[in-house]
2 protein chains.
Amino acid sequence: MLKLSKKSEYALMALQSLGNLAAGERIAVPMLAEQRGIPKDLLAKVMQQLKRAGLVHSSQGVSGGYALARPLTAITFLDAVGPFEEALGLAPCVDRNSEGCDRADCCSLHDPMEALNRWLMAQLSTLSLAEFVAARPPVVHGCVKAPRQPTSMERRPLPCEA
Amino acid sequence: MLKLSKKSEYALMALQSLGNLAAGERIAVPMLAEQRGIPKDLLAKVMQQLKRAGLVHSSQGVSGGYALARPLTAITFLDAVGPFEEALGLAPCVDRNSEGCDRADCCSLHDPMEALNRWLMAQLSTLSLAEFVAARPPVVHGCVKAPRQPTSMERRPLPCEA
DNA sequence: CGAAACAGGACTGAAATGGTCCGATTTAGG
DNA sequence: CCTAAATCGGACCATTTCAGTCCTGTTTCG
Ligand code: SF4
Ligand code: SF4
């Protein structure tokens, strides 16, 4: 139920990498793909879609590449992942990409579903990418791993503590 | 990314219905299936699995059926849905049903993923079914819809309000 | 003994997913 | 002006997952 598509994962990777670029700098798909060790053609598609979603800017031609359209603090997890998730809603009755459910007005599960769905969406759209991936030091050649730091997720209070 | 499998949905339906049974009462699969308008054979499988998960008890023979093994307040959303979700984790590196990810120790996305995943799991396992489906009046023949009441989900504070 | 229920495996069709390939267009640099 | 390298974007394919059906047992009430 929670699994992200590979495209989403690649999108998050890309946005993370774009996040620690110097201002005005750009990075090309082949470079990105090699750094993260992921299929270049697929990443290319992902980037196109990110552009269409307005999250990144692109420049064509040799020495072209991508850059963030706005800082990671202004991109939510939902923004980043939304374009790649076919089934973003819990059930057909609360999903944008489905023609709904004919039982919707005769289903005692509908209201709870809708409520939970709305809550989850709210969570994911109040989580900025900057929070999610606490952007860390520059990329070492071939390996982008960085020392562990507690993310802001871990500091979010659980509902039962509220 | 959030979509539940049909089995999960059916499981939630079933547990909801079992929830407003009188003590000692049981209900059979064909009856349940007809009430909710869902395929009986599939629901049968779901019930078997719920039994294996220890959430319900069954009795065989004619006039057999299912009943809750414990009250809805003692069953979490994750309990109910877990057995039916192949891919419960956000990514391969944090999923029980996958052999992990070879890049796990060289991926700057791993730690954020793990953190978010843990947080989401915690959310789903602190949400009891009783909270989720604020169990409502008995089932009218052929239609189980009931008047709307605010669920406890809607009263959960958003992180940004905490 | 027979009808009705649970138990459970085998199987199928359809759809989503992850990935590849190829041709077209743009553009910096020699 | 020409070429290499990059973004575009459609077509295509293999694999897996999903939802659903079917069929054969076994239990148990009346
Ligand atoms: S209305 Fe009920 S059955 Fe239809 S999708 Fe929503 S929850 Fe599932
Ligand atoms: S380690 Fe990185 S690449 Fe591997 S699954 Fe986790 S997030 Fe995806």
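Keep in mind that the numbers below use all heavy atoms, side chains included, and drop hydrogens, waters and symmetry copies.
- What separates NZ of B:Lys51 from P of D:dT27 is a distance of 13 Å, to the nearest Å.
- The residue from B:Thr126, B:Leu12, B:Val133 that alone fulfils the side-chain contact (heavy atoms from CB on, under 4.5 Å) condition with B:Phe77 is B:Leu12.
- Closest non-hydrogen pair, A:Arg36 versus B:Ser108, comes out as NH2-OG, 3.0 Å.
- Without hydrogens or angle criteria, B:Arg103 side chain to A:Gly37 main chain gives a donor-acceptor distance under 3.5 Å.
- No donor-acceptor pair under 3.5 Å is formed between the side chain of B:Asn117 and the backbone N or O of B:Gly89.
- Nearest-nucleotide mapping onto DNA chain C: of A:Lys45 and A:Val62, the residue sitting toward the 5' end is A:Lys45.
- Between A:Asp41 atom CG and D:dC8 atom P the separation is 14 Å, expressed in whole Å.
- In the 5' to 3' direction, nucleotides of DNA chain C lying under 4.0 Å from heavy atoms of chain B begin and end at C:dA4 to C:dA10.
- Shortest non-hydrogen contact noted between B:Leu43 and B:Ala14 is CD1-CB, 4.4 Å.
- Axis angle, first five pairs versus last five pairs of the helix from C:dC1-D:dG30 to C:dT12-D:dA19: 10°, rounded to 10°.
- Heavy-atom minimum distance, A:Ala80 versus A:Leu55: CA-CD1, 4.0 Å.
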Protein and nucleotides 16-19 of chain D: nitrogen or oxygen contacts under 3.5 angstrom:
from   : atom 1 : to     : atom 2 : distance (Å)
D:dA19 : OP1    : B:Lys6 : N      : 2.9
D:dA19 : OP2    : B:Lys6 : N      : 3.4

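- For the pair A:Ser58 and D:dC8, the criterion of a side-chain N or O lying under 4.0 Å from OP1 or OP2 is met.
- Taking atom CE of A:Met31 as the reference point, atom C1' of D:dA5 lies 12 Å away to the nearest angstrom.
- A donor-acceptor pair under 3.5 Å links the side-chain atoms of A:Asp79 to the main chain of A:Thr76, judged by distance alone.
- Note: CD (B:Gln60) to P (D:dG30) measures 16 Å, nearest angstrom.
- Put simply, CZ on A:Arg26 is 12 Å from C1' on D:dT7, counting in whole angstrom units.
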